[in-house]
Amino acid sequence: VKITSRAALPAGALVLLAAMAPASALAQARTVPGEGPLKQAPRPTTAAITAADAMTHVYALADDSMMGREAGTRGNVMGTDYLARHARRIGLEPAGENGTFFQTIPLVRRAADPASSLTVDGATLAIGTDFIPLPSVEGVFTFAPRMAPANAPVVYGGQIGTSSMIAPDQVAGKVVVFTAPSFRWWSAAPLDRYAGAAGIAIATLDLTPPPLVEYLGSAQVELAADPAARPAAVPAGVMVTRAAAERLMGRPLEGLAVGTPGRTVSGTSARVETPAEHPARNVVAILRGTDPRLNQTYVALGSHNDHDGVAAQAVDHDSLRAFNRVLRPTGADGEPDSMTVEREARFRQELAALRGVRPAARRDSIFNGADDDASGSAALLEIAEQLAADRPKRSVLFVWHTAEEKGLLGSEYFTEHPPVPRDSIVAHLNMDMVGRGAPGDLQGGGPGYLQLVGSRRLSTQMGDLVEEINRAGNHGFTFDYANDANGHPDNIYCRSDHYNYARWGIPITFFTTGGHPDYHMLTDEPQYLDYQKLAKVSTFVADVTRAIANRDARLVVDKPKPDPYGECRQ
Ligand SMILES: [Zn+2]
């Protein structure tokens, strides 16, 4: 599941963690009661879906050697190589490019060009201190990637969001300086009326919180622009300090009339695009169905093969885990609770229990993503191996998506460039984070706990069928639909790959065992997963797959389809 905020470990917590870590001790690999081993040697897998097989795949995919499997890095190439190797062993058909299992997506890194420089009547404005080139943020604001004014006149455009903003016919070829009462200028007024301007300068750099400045100034990993897409309607933008805005105007901003001319500006401000260092790949495979007619249609199964790579700073694993279990029960999905005397006592108790088994600090900087989403990726391998031994009538399309954590990019690209006709995909079943759901992970957790999201959002029949399979097959799940509520603040329906199928009107179900304190943390490691549970979920999803694949008729879509290019709404 992709993260919603840039919530990182707060500085205060890092200080605390550093203080708690003992300076040195012999490394020990003893097992804490209730946890699995830290390492596990791979064993040959069987056609049956078993906890041992699932464990083999998760321990391989979430191993430190995979370096967090971040899309566009070597770790992601290694992880996708592993998946393709097993798809071949199981006997699936490659459905990627050039007869391979891989579909490479055009991942690029966009960042401010450090050579950006603007001059006002010959005096330089410095990138990073006087101005930052504004990126486009999907669904929030869009700017052209580059401005290159050559002695362009500057004009004061007024305060964003007021009725007295400058008329669009007065900005042609000019750089327009705007002020704003707060750093949230983008919610006040759209700037696409100013398409004819040479550039836009927004004087809010001093008002903007430093983490947001850092985010806007940092590199973003995105899909390369589709050359057919329409160009941005807004010229390139920069965020400037008030002092820089006053230099652009040649006078104080205080009391300035809209339309007041300023100085002239030259130079360039740009964001530049570089391809990812290593290919970011969806792994795509088909298990051909037995029915000569129905096997031209597909039940698609999905997980994501990527995670968050390596952290800039290592912390002690056990301290972080104890901290989050006490103070941050949903991991990076929420901010930490405030420290109280009682919580500190519990934190020290939790940590002391871990130190009793493993006295040494274990410095950790790898986002292993064992639950997110090595668990779903292992489930897909297990389901493929089971179905291959007894093929259903329709074909099954397995997609291990890349760059889910970058904003569902692998599934976005896949559903826009599918290797089979899009309308031959009759359903999509997504598994992202399916190895947890214990009582210690979230409220209501237990062996039969499973969250379902979206199962009735396009097809009532799909929702009914999932429940029917659970009953008929005695799977024993109790479904938690709480996260499927309209307008739920966690917005889970829009936060994993299934939405990219749903937007094209393909009925979906998202299966997940839900959040936990290790969500998007360095501590999402294989020893904390419940492999019986993972095998149980995999068996259930295999049964649902088989049921849909053996039906003569497609599931009926009886609910409105979304706009495929519109914003997702839960
Ligand atoms: Zn995630």
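Heavy-atom basis, side chains included; hydrogens, waters and symmetry copies ignored.
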Ring centre gap for [X] and [Y] strictly below 6.0 Å:
{"X": "Phe141", "Y": "Phe143", "value": "yes"}
{"X": "Tyr493", "Y": "Phe510", "value": "no"}
{"X": "Trp504", "Y": "Tyr565", "value": "yes"}
{"X": "Tyr519", "Y": "Tyr528", "value": "no"}
{"X": "Tyr449", "Y": "His516", "value": "no"}

With a 4.5 Å limit on heavy-atom distance, are the side chains of [X] and [Y] in contact?
{"X": "His488", "Y": "Asn491", "value": "no"}
{"X": "His278", "Y": "Asn76", "value": "no"}
{"X": "Val396", "Y": "Leu301", "value": "yes"}
{"X": "Tyr501", "Y": "Val399", "value": "yes"}
{"X": "Pro526", "Y": "Tyr531", "value": "yes"}

Option among Glu405, Glu404, Arg69, Glu70 that satisfies the side chain to side chain donor-acceptor pair (under 3.5 Å) test with His307: Glu405
If we check side chain to side chain donor-acceptor pair (under 3.5 Å) with Arg436, which of these qualifies: Thr513, Asp371, Asp518?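 Going through the options one by one, the only one that passes is Asp518.
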Can you check salt bridge (charged side-chain N to carboxylate O under 4.0 Å, His left out) on Asp563 and Arg503, steps first, answer last? CA-CA 6 Å; Asp563 168 5; Arg503 71 186 171 125; over 6 Å; no
Does the Lys NZ or Arg CZ of Lys536 fall within the cation-pi geometry relative to Phe477 - under 6.0 Å from the ring centre and within 45° of the axis?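 Yes - Lys536 lies over the ring of Phe477, closer than 6.0 Å to its centre and within 45° of its axis.
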Decide whether [X] and [Y] meet the rule of one side-chain donor and one side-chain acceptor closer than 3.5 Å.
{"X": "Thr297", "Y": "Ser424", "value": "no"}
{"X": "Arg281", "Y": "Thr80", "value": "yes"}
{"X": "Asp333", "Y": "His520", "value": "no"}
{"X": "Asp432", "Y": "His304", "value": "yes"}
{"X": "Asn305", "Y": "His401", "value": "no"}
{"X": "Tyr499", "Y": "Arg457", "value": "no"}
{"X": "Ser65", "Y": "Asp63", "value": "yes"}
{"X": "Gln451", "Y": "Asn483", "value": "yes"}
{"X": "Asn282", "Y": "Thr402", "value": "no"}

Stepwise side chain to side chain contact (heavy atoms under 4.5 Å, CB included) test for Asp53 and Thr46: CA-CA 7 Å; Asp53 290 0; Thr46 59; 3.0 Å; yes
Apply side chain to side chain contact (heavy atoms under 4.5 Å, CB included) to Val557 and Lys561, showing your working. CA-CA 8 Å; Val557 176; Lys561 297 179 184 181; 4.2 Å; yes
If you count the non-hydrogen atoms of other residues, nucleotides and ligands that lie under 6.0 Å from [atom1] in [X], is the total more than 12?
{"X": "Glu273", "atom1": "CD", "value": "yes"}
{"X": "Gln532", "atom1": "CD", "value": "no"}
{"X": "Arg363", "atom1": "CZ", "value": "no"}
{"X": "Arg110", "atom1": "CZ", "value": "yes"}

Between Arg456 and Asp464, does at least one N-O distance fall below 4.0 Å, as a salt bridge requires? yes
Could you go through Asp364 and Val315, starting from their C-alpha distance and side-chain angles, then the distance that decides it, and tell me whether this counts as side chain to side chain contact (heavy atoms under 4.5 Å, CB included)? CA-CA 6 Å; Asp364 190 354; Val315 298; 5.6 Å; no
Using the rule given for side-chain hydrogen bond (donor to acceptor under 3.5 Å, both in side chains), can you reason through Thr290 versus Arg391, listing the C-alpha separation, both sets of side-chain angles and the distance that settles it, and then say yes or no? CA-CA 6 Å; Thr290 53; Arg391 295 173 182 234; over 6 Å; no
Check the pair Arg89, Glu385 against salt bridge (charged side-chain N to carboxylate O under 4.0 Å, His left out), reporting the backbone distance first and the verdict last. CA-CA 9 Å; Arg89 176 185 59 78; Glu385 199 167 11; 3.1 Å; yes
Using the side-chain hydrogen bond (donor to acceptor under 3.5 Å, both in side chains) rule, take Arg321 and Asn324 through it: C-alpha gap first, then chi angles, then the decisive distance, then the call. CA-CA 5 Å; Arg321 180 153 159 95; Asn324 287 333; over 6 Å; no
By the definition side-chain contact (heavy atoms from CB on, under 4.5 Å), identify the one residue from Leu287, Val299, Val284 that meets it with Leu397.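 Single side-chain contact (heavy atoms from CB on, under 4.5 Å) partner of Leu397 among Leu287, Val299, Val284: Val284.
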